[in-house]
**Q** 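One structure, pasted below without further comment.
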Amino acid sequence: MTEEEMRKRLEILKIEHRDLDAAIDALLASGSGDQMQIARLKKRKLKLKDQISQIEDYLIPDIIA
């Protein structure tokens, strides 16, 4: 995967992460949210965050001073 492809993938993951956050908030606000569904969405959101972190770590390496 090239750096450009990784950057595009990163943007897609960030958008999906924001969308899941909005969906979780909407379910919680409505009060009728199924707890299992909310838990699945939160789990998916955490997986996305891990993927985002991995790509960011690769694209922005640590600089040892």
**Q** Salt-bridged, Glu3 to Arg7, with N to O below 4.0 Å?
**A**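 Looking at Arg7 together with Glu3, the answer is yes, because their closest N to O distance falls below 4.0 Å.
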**Q** Tell me which pairs pass salt bridge (Lys or Arg N to Asp or Glu O under 4.0 Å) where either residue lies in residues 24-44, with sequence neighbours left out.
**A** Glu16-Arg44
**Q** Is there a path of hydrophobic side-chain contacts, each under 4.5 Å between heavy atoms of I, L, V, M, F, W or Y residues, that connects Leu28 with Leu20?
**A** yes
**Q** Between Glu5 and Arg9, is any pair of side-chain heavy atoms under 4.5 Å apart?
**A** no
**Q** With Asp19, which residues qualify under side chain to side chain contact (heavy atoms under 4.5 Å, CB included), at least two apart?
**A** Ile15
**Q** Same cluster for Met1 and Leu13 if Ile/Leu/Val/Met/Phe/Trp/Tyr side chains link at under 4.5 Å?
**A** yes
**Q** Report all side-chain donor-acceptor pairs from residues 52-61 shorter than 3.5 Å, counting only partners two or more places apart or in another chain.
**A**
residue	atom	partner	partner atom	Å
Ser53	OG	Lys49	O	3.1
Glu56	OE2	Lys14	NZ	3.4

**Q** Do Leu48 and Ile38 land in one hydrophobic cluster if side-chain heavy atoms of ILVMFWY residues count as linked below 4.5 Å?
**A**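 Same cluster: Leu48 reaches Ile38 through Ile, Leu, Val, Met, Phe, Trp or Tyr contacts under 4.5 Å.
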**Q** Of the non-hydrogen atoms in Lys45 and Asp21, which two are nearest, and what is the gap between them?
**A** NZ-OD1, 2.8 Å
